[in-house]
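This report refers to the structure that appears directly beneath it.
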There are 2 protein chains.
Amino acid sequence: MEKFMEILETADLFSGIDPKDLKPLLSCLSGKFVHYEKGQIILMSGETTNSFGIVLSGQVQVIQEDYYGNRSILANLDPGNLFGESLACAEIKALPVSILASADSDILLIDCRRLSSPCANACDFHSKLIRNMMNIIAKKNISLTQKIEFISKRTTREKLLAYLSAEAKRAKSSRFYIPFNRQELADYLSVDRSAMSAELCRLRDEGILKFNKNQFELL
Amino acid sequence: MEKFMEILETADLFSGIDPKDLKPLLSCLSGKFVHYEKGQIILMSGETTNSFGIVLSGQVQVIQEDYYGNRSILANLDPGNLFGESLACAEIKALPVSILASADSDILLIDCRRLSSPCANACDFHSKLIRNMMNIIAKKNISLTQKIEFISKRTTREKLLAYLSAEAKRAKSSRFYIPFNRQELADYLSVDRSAMSAELCRLRDEGILKFNKNQFELL
DNA sequence: TCCGTTCTGTTGTAATTGCAACATACTTAT
DNA sequence: ATAAGTATGTTGCAATTACAACAGAACGGA
């Protein structure tokens with residue numbers, strides 16, 4: 001447990017909480033440290049759970065199986081990352097995904113019902129914790145909404161312009177850097193990389209934008 | 001205020017809370033009833049806010065302006081609906097959208113910092129309220145994630161099959177009803193209605209599915 | 001410097017889409 | 001029953017895309 005405190009201290013869920021207060025808080029939350037071997041299922045699709053987890057070591061995958069049994073990996077989670085927080089907080093009956101330890105992993109499991117219940121010992125941290133959790137879920141919500149706005153556009157050109165103009169607006173400048181390389185941007189926008197690359201150059205040739213590596217400028 | 005209690009009692013945010021307890025809870029939350037004339041801005045893009053709102057009467061629109069100044073309506077909200085809950089809970093500095101009263105409207109504004117703070121008088125309802133709010137945001141999160149999974153597919157056929165197989169899985173049956181008509185489904189999947197209609201018939205002719213109006217069956 | 005790897009841009013082609021326009025049910029009000 | 005309106009299916013065509021395959025640039029060790 002001691003060796004994981006460092007990771008917990010840097011986790012968003014515990015931001016703003018004094019490291020000294022972390023231990024009593026964890027016991028108040030009934031947090032459970034569990035070790036999983038590579039290949040073990042942490043949460044099984046179809047199950048009900050009230051727990052979410054924090055990856056402390058190793059790696060964890062969010063996996064989905066469709067109606068025909070085709071598996072796909074929705075996310076790879078490294079130490080410090082949360083999983084299942086939306087699923088636990090939404091109190092859904094059957095998990096739509098499975099959580100798999102893709103390497104030997106240590107996990108901290110927390111029952112999310114403990115988050116909202118008032119707590120005698122540590123109430124000061126407790127309300128901070130609730131705010132942190134809401135913050136995490138709400139931020140994810142916003143970024144998902146924005147992504148849908150981009151992907152919903154019909155053509156690659158429109159997707160690019162929607163994304164780039166949002167970045168320009170966020171940077172409050174026509175010049176800005178994006179956090180993706182071309183392949184990552186294509187994946188994010190759900191388009192073909194080479195087609196997107198071609199479209200970017202077409203936009204450049206038409207004088208609509210300039211770019212150099214990750215730096216873009218809208219004209 | 002009295003005339004709006006009925007709507008508040010049915011709002012998801014207050015589900016599980018005794019109507020009698022609603023009034024003290026609202027004063028504990030410092031909820032403010034505000035009337036807006038048609039055309040007034042409730043929250044302005046670029047502002048900072050810690051408040052979210054509940055529509056009590058009239059209609060409210062979530063509006064976005066892109067870098068070039070093009071306006072688009074992201075949502076129409078009727079009485080009982082929440083707005084800005086993710087934005088307030090995420091504590092973001094500048095709102096990416098504006099909230100407009102598209103008709104004369106009554107709104108209940110609540111400061112979301114009041115949600116997480118412990119409260120002397122009504123703590124029992126308070127923790128229920130927190131769970132409700134987390135529930136709402138987390139559920140939205142899940143449905144957004146799922147929508148992205150569908151939209152991310154490259155072809156209309158793949159989008160349809162992803163969506164329909166998710167519905168079949170949810171219904172635990174190869175026969176199920178969908179909550180959309182064709183136009184709504186096309187909008188949801190971000191594709192052209194007529195092209196989608198054609199693709200559905202192609203899938204039918206290939207023996208992959210059957211459908212009749214809103215009832216579908218995967219084979 | 002050389003080599004291998006990764007990233008980005010380019011091109012041709014087959015496949016898919018969006019769009020417009022129209023046809024055919026199915027509904028609903030009169 | 002008729003008419004008007006709505007939902008759905010059908011078709012042709014131009015525009016766009018995905019995909020594959022390749023070329024050059026940039027990068028990082030050895």
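No hydrogens, no waters, no symmetry mates; every other heavy atom, side chains included, goes into these values. It should be emphasised that the depicted structure is a prediction, and the values quoted were computed from it without experimental measurement. Naming: A, B, ... by sequence-line order, numbering from 1 per chain.
- With respect to the salt-bridge test (charged N to carboxylate O, under 4.0 angstrom), the residues B/Arg157 and B/Glu206 qualify.
- Checked by atom type and distance alone, the side chain of B/Ser57 pairs as donor or acceptor with a backbone atom of B/Asp106 at under 3.5 Å.
- Atom CG in A/Asn212 sits roughly 11 Å away from atom P in C/dT8 (whole-Å rounding).
- Rounded to an integer number of Å, the gap from CZ of A/Arg204 to P of C/dG9 is 7 Å.
- For A/Thr155, no side-chain nitrogen or oxygen approaches OP1 or OP2 of D/dT16 to under 4.0 Å.
- B/Leu160 places its CG atom 13 Å from the C1' atom of C/dT17, with the value rounded to the nearest Å.
- Mapped onto DNA chain D by nearest heavy atom, A/Met196 and B/Asn214 fall at different nucleotides, with B/Asn214 at the one closer to the 5' end.
- Considering only side-chain atoms of B/Phe211, the nucleotide from D/dT8, D/dA18, D/dG9 that sits closest is D/dG9.
- Outside the 6.0 Å centre-distance limit, the rings of B/Phe83 and B/Phe52 are not counted as a close aromatic pair.
- In the helix from C/dT1-D/dA30 to C/dT30-D/dA1, the end axes, each obtained as the rotation axis mapping the C1' atoms of four pairs onto the next four within a five-pair block, lie 50° apart to the nearest 10 degrees.
- Comparing B/Phe180 and A/Arg157 along DNA chain D, the residue whose closest nucleotide (by nearest heavy atom) sits nearer the 5' end is B/Phe180.
- Note on B/Ser197: a base of the nucleic acid sits closer than 4.0 angstrom, heavy atoms only.
- Between the side chain of B/Asp104 and the main chain of B/Lys38, a donor-acceptor pair closer than 3.5 Å is present.
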For a side-chain hydrogen bond (donor to acceptor under 3.5 Å, both in side chains) check, start with the C-alpha distance between A/Asn50 and A/Glu91, then their side-chain angles and the critical distance, and finish with the verdict. CA-CA 7 Å; A/Asn50 291 296; A/Glu91 298 174 354; over 6 Å; no
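- Atom CG in A/Leu185 sits about 15 Å away from atom C1' in C/dG9, given to the nearest Å.
- Between B/Asn181 atom CG and D/dG5 atom P the separation is 19 Å, expressed in whole Å.
- Using a 4.5 Å heavy-atom threshold, the side chains of B/Leu129 and B/Leu25 count as touching.
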Between A/Glu199 and A/Thr156, is a side-chain hydrogen bond (donor to acceptor under 3.5 Å, both in side chains) present by the stated rule, with each step listed? CA-CA 7 Å; A/Glu199 193 63 51; A/Thr156 301; 5.9 Å; no
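- A 4.5 Å side-chain heavy-atom check between B/Glu9 and B/Leu22 finds at least one atom pair inside the cut-off.
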Set out, line by line, the N/O atom pairs under 3.5 Å between protein and nucleotides 20-26 of chain D.
{"residue": "D/dA20", "atom": "N6", "partner": "A/Ser194", "partner atom": "OG", "Å": "3.2"}

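- Taking atom CZ of B/Arg182 as the reference point, atom P of C/dC26 lies 13 Å away to the nearest angstrom.
- Between the CG atom of A/Asp205 and the P atom of C/dT11 there is a distance of 10 Å, given to the nearest Å.
- Distance from the side chain of B/Arg154 is smallest to D/dA18 among C/dC19, D/dT16, D/dA18.
- Across the protein-nucleic acid pair, B/Arg202 atom CZ and D/dT11 atom P stand 10 Å apart, rounded to whole Å.
- Under the 4.5 Å side-chain criterion, counting only non-hydrogen atoms from C-beta, A/Phe211 is in contact with A/Arg204.
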